[in-house]
Structure formats: C-alpha cells, structure tokens
Trainee: 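Sharing a structure here in structure tokens format.
None of the values given here were measured: they were computed from a predicted structure. Letters go in sequence order (proteins before strands), and every chain restarts at 1.
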Amino acid sequence: MELEASFLTIAWFIALGIFLPVVALTVGKWIRPNKPSSRKAITYESGVDPTGEGWVQFHVRYYLFALLFVIFDVETIFLYPWAVAYDSLRATLGVWVLYEMLIFIGLLVLGLAYAWKKKVLKWE
Amino acid sequence: MDVFFYLGPIILMLLLLGFVTYAILFERKVIGWIQNRPGPNQVGPWGLFQTIADVLKLLLKEDVVPGKADRSLFKLAPIIAFVPAFAILAVIPFTETWQFGDFAVGLLYYIAISSITIIGILTGAWASNNKYSLLGGMRSAAQMISYEIPLVLSVVGIVMTTGSLDLNDIVLAQKKVWFIVPQFLAFLIFLIASLAELNRTPFDLPEAESELVAGYHVEYTGFRFAFFMLAEYVYVFAMASLTTCLFLGGWLPLFGLTMIPGILWFLLKFSLVVFSLFWIRATMPRLRVDQLMQFAWKVLLPLSLLNIFLTAIFKEIPVLSSFY
C-alpha cells in the first residue's frame, strides 16, 4: 500500500475514534435524565463536604520521574534507528557499532545510577 | 478496495465493541471460577447479556459535571483517552492480508500514539478539580511513563533481529521460531510492563479502590465514565494483539498446520494472551506504590538494557546467530 493511503487510513481511524464518543454522548443526551441540583455539583470526597481547592500541590518527585522519563525516551529515539540498521552497520563498520552504543547507554546508566544513589527512585 | 477502506475500520469498531462486551463478561466469569463462584449468571442465559445491561444502565444515567470542574476539559478528556486507543489498531496485522495501514514504522507508531492516552487521563484528573482524582491521575501518569521505558526498550531486541519496525516483517521473521523463545527475557519484561501500562492488577494502583476512591475518574458518571473504561479494554485488545504479533508469531501456524487459516491462529494466540491477563489479575495482589516505581526503574529498566546487549552478543555466537 502506498504511504499516502496508509496516512488516510489513520486519519479515518482517528475520525471514527472521535465520531463514536461524540455520537454516543449526543444520543445519550436525548435519553438520559437531567435534573441538576446544587448538591449534585459538589465535588465528591466520600460524602464529606470538601474543604479548599481540588487543585492541591503534589510531591516534587513526580517531576523527577518525568525528567527521567524524558531522558530515557529520547534515548529510545536513538536506539530504534540503530536497532533497525544494526545488521548493515555491523557488516560495514564492524563491532564498533556495538561499542558506540555501549558508551552511549553507559553514560545514561551512569545518570540512572546517580539518581539511584540520590534516592530519587525511592518512593516513600 | 475503496469500499473496504471505509467499511473495514467501521466493521473493526463494531467487532471491537463486541469484543469489549464479552471480554468484560469473560473476565468476570474467569475471576468467578478462580474464586470458586459462578460469576454473573442472572441476566440472560449464562449471564450473556450482563454487560449489555450494564452499558444500557450507564447510557441512562444522568451526566453530572461537578460545579468546580473545568467544564470543557472535563468533557474533552474521555475522547482524548479513547481516540488513540482506537487509532493504534490501524497498524496491527491480523493476517497476511488483513491489515488496515501497512506502515514501515508500525511498531513506532503504536508506541508513540498509545502514550497520548496518558494526556487524556491527566486532563480528566485535573479538570475534575478533585483531590483524589488529581492524585490518582498523577500516580497513573507516573506509573505509565515509568513502565513505558522498559516496554519500549524490551522490543529493541526484536527490532535488531528483524531489522525492521514493520509489524508484518516482524511476524514473518518468526517463521523459524517465535520470538518468545530467543527473546524470552524481553517477553517477560514486555508482559510485566504491558500489565502496568494497561493499569491492570497487580498494577492497578491508579484505581486502588481502597485508598483513592476510584482514581482519576472519580467524578465521571454515565457514558463519559464508560469511555474511560472502553479505552482501557480497547487497550487490552491492542496490547494482546501486539504481544501476539511480536512474540507469538502473529498469524503464523504452529507445527506447520497451514490448513487452519491464519486468522484463527491469530485469534487463538490472542485469546490466550487475554486469558493470561485475566488470570494474572485474579492471582496477584496489588503492589504498593513504592515497590511499583522502584521495580520499574531498578529492575525492569536495567534488564531491558541488558537484553539489547545480550541480543547483540548472541548475534556474534555462530550457533545462535541464526536465531538473532
């Protein structure tokens, strides 16, 4: 199949994916009851009246995990083309392909080890 | 071809809704049997209409949007969560000819698009303006991004062996032996990480009923809630299909039994994977949140990196190199 046709297929899949919830929710609107009241609109906290805002502060470690994620996700962007081309690179460049990737991953693993030692990975 | 182009995905969507309906029933049945009880058996013979009744009930429920919520984002979130779940199915090769979009980068597309759902979950969690849902959503995001790394890295070994990201090529490369054998370590990592990606027990912390009420979708009612659930089960479908293609040889027959059509082989392996997901759910207790995050970064990530180099080393060993 041509590349363009494949992209069209994906566009059609996305369109259908939007279509289903929109239609289902619109049809639902016609048949479901709608009796709003001020009590129903209260934020649900297991029956206790909520105090303060719902947008509370959360722990900084979420950001640290997000940073680690970005580092290793970018690494995979480099790993994938390398893996696809591995056989042909191995044939032309020799084992150096492997050593280079070892060095690259080694640097990132050093970062992981540092985070490990700094107890970033520990979740208390 | 044009008719199939437009009708195919619609048929797939209907099949998918059927799958989800009966996967939920099957899951409840399986868990029931494992816990020595019959499971749902009241609605229809053998409980066959149980899920349909549940869906109708959800459809007839009032749609409550909390007063403090960010209304537009609140309404948008289930759609953001559902669309990528359906869009990734475009690249799954069900049989040699039965594939919607034949992409050279199918695997990459799958991985890239499937992570968009995290944004939908976070949007819903934040827009609800509820402490529990925000905490649940943050936990969910932290868990999903942590386990995405080992999931993605474990597949690199397969890509090295195949030399392609095209799922068709990956399936065809398993003619000699399925990747579950030479890439067994990768399979284990992939299975564990995919369970965590699917937010299923033992990794269902974002939902942890006993501590977080219900996680990121506490405030959702009726059909909006149903779409979060639907997205989850569509991911079960997609992840089981991907596992089948990557490790179990897709539509390829076993023991050279070529008279059985490929689609049946695919369905057989696929059902096996789905069953194992339910089986694991019924058998394992839930992890603690501190164990969960450490396990991803301290165990699975180093192991998946190791797997890449093991694959490279095995490629050098003369006897083994034909498998890698």
Side-chain angles (χ1 to χ4, degrees), chain A residues 1 5-10 12-14 16-18 20-22 24-25 27-29 31-36 38 40-46 50 53-56 58 62 65-66 68-69 72-73 76 79-80 83-88 90 95 98 101-102 105 109 112 116 121-124, chain B residues 5-6 9-10 13 59-68 78-79 82-83 86-87 89-90 100-103 108 126 128-132 134-135 138 142 145-146 148-149 152-153 156 159-160 163-165 213 218-219 222-224 227 289-290 293-294 297-298 301-302 305 308-309 312 315:
Chain A
M1 204 189 287
S6 284
F7 275 114
L8 272 178
T9 314
I10 282 167
W12 178 231
F13 264 85
I14 291 174
L16 270 179
I18 298 171
L20 179 73
V22 168
L25 288 169
V27 171
K29 204 178 230 167
I31 53 176
R32 70 185 170 223
N34 184 26
K35 298 188 191 74
S38 60
K40 274 181 198 163
I42 296 176
T43 306
Y44 173 72
E45 281 184 14
S46 308
E53 273 283 298
W55 290 317
V56 289
F58 34 83
Y62 288 107
F65 278 110
L68 275 175
F69 167 73
F72 279 93
D73 221 30
T76 53
L79 263 173
Y80 267 74
V84 170
Y86 184 80
D87 277 334
S88 56
R90 174 74 185 81
V95 197
L98 186 57
M101 194 40 90
L102 256 175
I105 290 182
V109 168
L112 184 71
W116 194 329
L121 305 181
K122 209 169 158 74
W123 191 286
E124 280 130 16
Chain B
F5 175 82
Y6 290 110
I10 296 175
M13 181 173 262
L59 194 61
L60 293 171
K61 282 285 173 191
E62 187 180 346
D63 178 43
V64 181
V65 181
K68 282 185 169 176
I79 302 178
F82 173 72
V83 172
F86 184 62
L89 295 176
F100 294 101
D102 187 5
F103 261 82
L108 191 65
W126 185 84
S128 305
N129 198 348
N130 179 319
K131 289 160 203 148
Y132 292 111
L134 184 62
L135 283 172
M138 288 307 285
I145 61 174
S146 295
E148 195 172 307
I149 305 279
V152 172
L153 288 180
V156 171
V159 179
M160 282 167 78
S164 168
L165 288 167
V213 198
V218 195
E219 292 290 357
F223 239 54
R224 289 184 210 287
F227 270 100
V289 69
D290 58 321
M293 301 302 280
Q294 294 192 26
W297 291 98
K298 293 185 181 172
L301 176 59
L305 289 173
I308 297 171
F309 291 108
K315 267 175 178 288

Trainee: Quick one: which of A:N34, A:V22, A:L102 has the most heavy-atom pairs under 4.5 Å with chain B, could you say?
Mentor: A:L102
Trainee: Please flag which part of A:F13 lies under 4.5 Å from any non-hydrogen atom of chain B: side chain, backbone, both or neither.
Mentor: both
Trainee: Less than 4.0 angstrom from a charged side-chain N to a carboxylate O is my criterion; do B:K315 and A:D87 meet it?
Mentor: yes
Trainee: Could you look at B:K298 and say if it's the side chain, the backbone, both or neither that has a heavy atom under 4.5 Å from chain A?
Mentor: both
Trainee: So which residue, B:A87, B:A90, B:P66, ends up with the most heavy-atom pairs under 4.5 Å with chain A?
Mentor: B:A90
Trainee: Using a cut-off of under 4.5 Å for heavy-atom pairs, which of B:L89, B:L134, B:I308 has the most such pairs with chain A?
Mentor: B:L134
Trainee: I'd like to know which of B:M293, B:K68, B:E219, B:M138 tops the heavy-atom pair count under 4.5 Å against chain A.
Mentor: B:M138
Trainee: Can you find a pair of side-chain heavy atoms, one from A:I31 and one from B:L60, that are under 4.5 Å apart?
Mentor: yes
Trainee: Tell me, please, which residues at least two apart from B:F227 pass ring pair (Phe, Tyr, Trp, His ring centres under 6.0 Å).
Mentor: B:F82, B:F223
Trainee: Examine whether an atom of A:F69 lies under 4.5 Å from a heavy atom of chain B, and if so say whether it belongs to the side chain, the backbone or both; otherwise answer neither.
Mentor: both
Trainee: Do B:V159 and A:Y86 make a side-chain contact, defined as non-hydrogen atoms from C-beta onward lying under 4.5 Å apart?
Mentor: no
Trainee: Determine whether B:I10 and A:W12 make a side-chain contact, defined as any pair of heavy atoms from C-beta on separated by less than 4.5 Å.
Mentor: yes
Trainee: Which pair of heavy atoms, one from B:E62 and one from A:K35, lies closest together, and at what distance?
Mentor: OE2-N, 3.1 Å
Trainee: Closest approach of B:V156 and A:A83, non-hydrogen atoms and distance?
Mentor: CG1-CB, 3.7 Å
Trainee: Kindly give the heavy-atom pair with the smallest separation between B:L59 and A:R32, and that separation in Å.
Mentor: O-CB, 3.7 Å
Trainee: Just so I know, are the side chains of B:V152 and A:F72 near enough to count as touching, which here means a heavy-atom distance under 4.5 Å?
Mentor: no
Trainee: If you count heavy-atom pairs under 4.5 Å between each of A:A24, A:G28, A:A85 and chain B, which one has the most?
Mentor: A:A24
Trainee: Side chain, backbone, both or neither: which part of A:F58 has an atom under 4.5 Å from a heavy atom of chain B?
Mentor: side chain
Trainee: Please classify the contact between B:L301 and chain A as side chain, backbone, both or neither, with a heavy-atom cut-off of under 4.5 Å.
Mentor: side chain
Trainee: Would you mind checking which part of A:L112 comes under 4.5 Å of any heavy atom in chain B, side chain (CB onward), backbone (N, CA, C, O), both or neither?
Mentor: side chain
Trainee: Is A:I105 close to chain B through its backbone or its side chain, or both, or neither, when contacts mean heavy atoms under 4.5 Å?
Mentor: side chain
Trainee: Closest heavy-atom contact between B:N130 and A:Y44?
Mentor: ND2-O, 2.7 Å
Trainee: Heavy-atom distance under 4.5 Å to chain B: side chain of A:V27, backbone, both or neither?
Mentor: neither
Trainee: Would the number of heavy atoms belonging to other residues, nucleotides or ligands and lying under 6.0 Å from NZ of A:K29 be above 12?
Mentor: no
Trainee: Please rank A:L68, A:I42, A:I18 by heavy-atom pairs under 4.5 Å with chain B and give me the top one.
Mentor: A:L68
Trainee: Just to verify, what does B:N129 make a side-chain hydrogen bond (donor to acceptor under 3.5 Å, both in side chains) with, not counting sequence neighbours?
Mentor: none
Trainee: Does some side-chain heavy atom of B:W297 sit less than 4.5 Å from a side-chain heavy atom of A:W116?
Mentor: no
Trainee: Does any backbone or side-chain atom of A:W55 lie under 4.5 Å from a heavy atom of chain B? Answer side chain, backbone, both or neither.
Mentor: both
Trainee: Taking all non-hydrogen atoms of both residues, which atom of B:P9 and which atom of A:L16 are closest, and how far apart?
Mentor: CB-CD1, 3.5 Å
